[in-house]
Novice: 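Let me give you the structure first, and then I'll get to my questions.
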Amino acid sequence: MLLTILGGCGAWPAAGRACSGYLVEHEGFRLLVDPGYATVPRLLERITADQVDAVFVSHGHPDHCADLNPLLRARTLRDDPPAPLPVYSLPGALDAVLALDRPGMLSGAYVLHEFVAGDPLAIGPFRAQTRPLPHSVPNAGIRLTAGERVLAYTGDTGPSPDVAGLARGADLLLAEATFADRVPRGARRHLSSARQAGRQAREAGARHLLLTHLQPGSDAAAARAAAAAEYDGEIGIATPGLTIDLP
């Protein structure tokens, strides 16, 4: 299983960066997870739009799904459009982004598979288990298994024991860490810190922690240090172009 980071900014893309976007590959199958703002240009530096085999969206905030629109445009506005793209999302999460173009313009470009958080999914060679995690809108964390390797991803989440359950024994936990240490009072139910992510990675027994969704302008070193205060495993920051091979 190969993970490539397309972007890791939370809320909006910093200069030269992109929001949440992750390409997960196994046995030639390419799964795009959370095509947030500015991720498609980075995706297209690596593969063509028609080489994406499926898309999974954790929740409907635009920093996690806005670039589904240019991806679908790139697939359909051509002389030889590929087969419709399977897109997996929670009910209603993509209504806004799919309504950006005139009715019917992109309808042949995708097949929408809506699921309830908690449902298991089969996405190409991946066995996926979803889990509801607390956020300001419905959000689904996902545990992807291929062969003997496991990647867990939180989407955006407030602190929850369910994160450790999702990531139990995972080779990699890709965890939202908008803030390094203290989460502002108004966001404490909906977002997490790097320190909390470190604690959850320790409780889960995850082998590797990758912090993502850092607020633009955040101190990445401070985030890493906060996570390391709770977790003694390998810690990384989701930066564009980073690839992690889970052999």
Side-chain angles (χ1 to χ4, degrees), residues 1-7 18-37 39-78 80-98 100 106-131 138-147 149-155 166 170 172 174 212 238 243-246:
M1 192 188 307
L2 181 68
L3 169 68
T4 300
I5 305 301
L6 303 174
C19 285
S20 294
Y22 317 99
L23 183 63
V24 187
E25 301 174 73
H26 184 68
E27 295 181 344
F29 190 94
R30 298 179 174 98
L31 171 63
L32 177 60
V33 176
D34 278 6
Y37 292 127
T39 55
V40 161
R42 295 191 177 274
L43 175 73
L44 297 181
E45 291 173 351
R46 298 181 172 274
I47 62 174
T48 59
D50 61 297
Q51 290 176 321
V52 178
D53 295 298
V55 173
F56 174 90
V57 175
S58 63
H59 65 285
H61 280 156
D63 56 330
H64 292 257
C65 67
D67 266 28
L68 179 62
N69 175 262
L71 175 63
L72 295 178
R73 279 177 158 240
R75 290 172 66 94
T76 198
L77 298 178
R78 49 188 288 176
D80 56 342
L85 179 66
V87 178
Y88 298 82
S89 79
L90 295 171
L94 297 178
D95 287 356
V97 71
L98 292 175
L100 288 174
L106 300 177
S107 59
Y110 65 92
V111 176
L112 184 60
H113 300 276
E114 293 187 326
F115 64 90
V116 175
D119 286 350
L121 302 171
I123 307 175
F126 298 103
R127 303 189 308 278
Q129 180 62 54
T130 62
R131 183 168 296 197
N139 171 73
I142 188 170
R143 178 184 177 95
L144 290 168
T145 302
R149 295 298 175 234
V150 176
L151 165 63
Y153 170 54
T154 64
L166 183 76
L172 174 66
L174 179 60
T212 191
T243 61
I244 297 177
D245 190 3
L246 303 177

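For reference, positions follow the sequence shown, starting with 1.
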Novice: Going by ring pair (Phe, Tyr, Trp, His ring centres under 6.0 Å), name the residues that satisfy it together with F29, two or more places apart in sequence or in a different chain.
Specialist: none
Novice: Determine the minimum heavy-atom distance between D245 and M1, stating which atoms define it.
Specialist: OD1-O, 3.4 Å
Novice: Can you tell if the side chain of D53 reaches within under 4.5 Å of the side chain of L31, non-hydrogen atoms only?
Specialist: no
Novice: Check whether any side-chain heavy atom of L144 sits under 4.5 Å from a side-chain heavy atom of V150, and report yes or no.
Specialist: no
Novice: Is there a side-chain contact between D50 and R78 (heavy atoms, below 4.5 Å)?
Specialist: yes
Novice: For T212 and Y22, which heavy atoms make the closest approach, and how far apart are they?
Specialist: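 Shortest heavy-atom contact: OG1-OH, 2.7 Å.
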Novice: Below 4.5 Å, heavy atoms only, C-beta onward: do V55 and Y88 meet side chain to side chain?
Specialist: no
Novice: List the steps and the verdict of side-chain contact (heavy atoms from CB on, under 4.5 Å) for T145 and L151.
Specialist: CA-CA 7 Å; T145 302; L151 165 63; over 6 Å; no
Novice: Rounded to the nearest 0.5 Å, how far apart are CG of L3 and OH of Y153?
Specialist: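 Between L3 CG and Y153 OH, I get 10.5 Å after rounding to 0.5 Å.
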Novice: Just checking, is any N or O donor in the side chain of S20 or Y37 under 3.5 Å from an acceptor N or O on the other one?
Specialist: no
Novice: Between D67 (side chain only) and V40 (backbone N and O only), is there a donor and an acceptor less than 3.5 Å apart?
Specialist: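 Looks like yes, one N/O pair under 3.5 Å.
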Novice: Within the structure provided, determine whether V33 and V57 are in side-chain contact (heavy-atom separation under 4.5 Å).
Specialist: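 Contact flag for V33/V57 side chains = no.
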Novice: Shortest non-hydrogen contact from A74 to A49?
Specialist: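 Reported closest heavy-atom pair: CB-CB, 3.7 Å.
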Novice: Working to the nearest 0.5 Å, report the span between CD1 of I5 and CD1 of I244.
Specialist: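 Separation between the atoms: 6.0 Å.
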Novice: Checking L106 against L98 for the side-chain contact (heavy atoms from CB on, under 4.5 Å) test, could you report, in this order, the C-alpha distance in whole Å, the side-chain angles of both residues, the deciding distance, and whether it holds?
Specialist: CA-CA 8 Å; L106 300 177; L98 292 175; 5.9 Å; no
Novice: Taking all non-hydrogen atoms of both residues, which atom of C65 and which atom of V97 are closest, and how far apart?
Specialist: O-CG2, 3.7 Å
Novice: I'd like to know if the side chain of T76 reaches the main chain of R73, judged simply by a donor and an acceptor atom lying under 3.5 Å from each other, with no hydrogens or angles considered.
Specialist: no
Novice: Short question: side chain of R75, backbone of V52 - any donor-acceptor pair under 3.5 Å?
Specialist: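 Judged by distance alone, yes, a pair lies under 3.5 Å.
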Novice: So, do L71 and L85 sit near enough that their side-chain heavy atoms are less than 4.5 Å apart?
Specialist: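 A side-chain contact under 4.5 Å exists here.
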Novice: Distance from T154 atom OG1 to N139 atom CG, nearest 0.5 Å?
Specialist: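 So the gap between those two atoms works out to 7.0 Å.
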Novice: Closest heavy-atom contact between G147 and R127?
Specialist: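 That closest heavy-atom pairing would be O-NH2, 4.1 Å.
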Novice: Of S58, P35, S89, which is the lone residue that meets side chain to side chain contact (heavy atoms under 4.5 Å, CB included) with H64?
Specialist: S58
Novice: Rounded to the nearest 0.5 Å, how far does CG of L72 lie from CG of L77?
Specialist: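 So the gap between those two atoms works out to 10.0 Å.
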Novice: Are the side chain of R30 and the backbone N or O of I47 linked by a donor-acceptor pair below 3.5 Å?
Specialist: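 Not at all, since once roles are kept as given, no pair shorter than 3.5 Å links the two residues.
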Novice: Does the pair L246 and L2 meet the rule for a side-chain contact (heavy atoms from CB on, under 4.5 Å), with working shown?
Specialist: CA-CA 6 Å; L246 303 177; L2 181 68; over 6 Å; no
Novice: Passes side-chain contact (heavy atoms from CB on, under 4.5 Å), I142 versus Q129? Steps please.
Specialist: CA-CA 6 Å; I142 188 170; Q129 180 62 54; over 6 Å; no
Novice: Taking all non-hydrogen atoms of both residues into account, name the closest pair between F126 and E25 and its distance.
Specialist: CZ-C, 4.1 Å
Novice: Just list the side-chain donor-acceptor pairs under 3.5 Å for residues 113-122, sequence neighbours left out, or say none.
Specialist:
| from | atom 1 | to | atom 2 | distance (Å) |
| --- | --- | --- | --- | --- |
| E114 | OE2 | G92 | N | 3.0 |
| D119 | OD2 | V116 | N | 2.9 |

Novice: Hey, what do you get for CG (L44) to CD (Q51), rounding to the nearest 0.5 Å?
Specialist: 10.0 Å
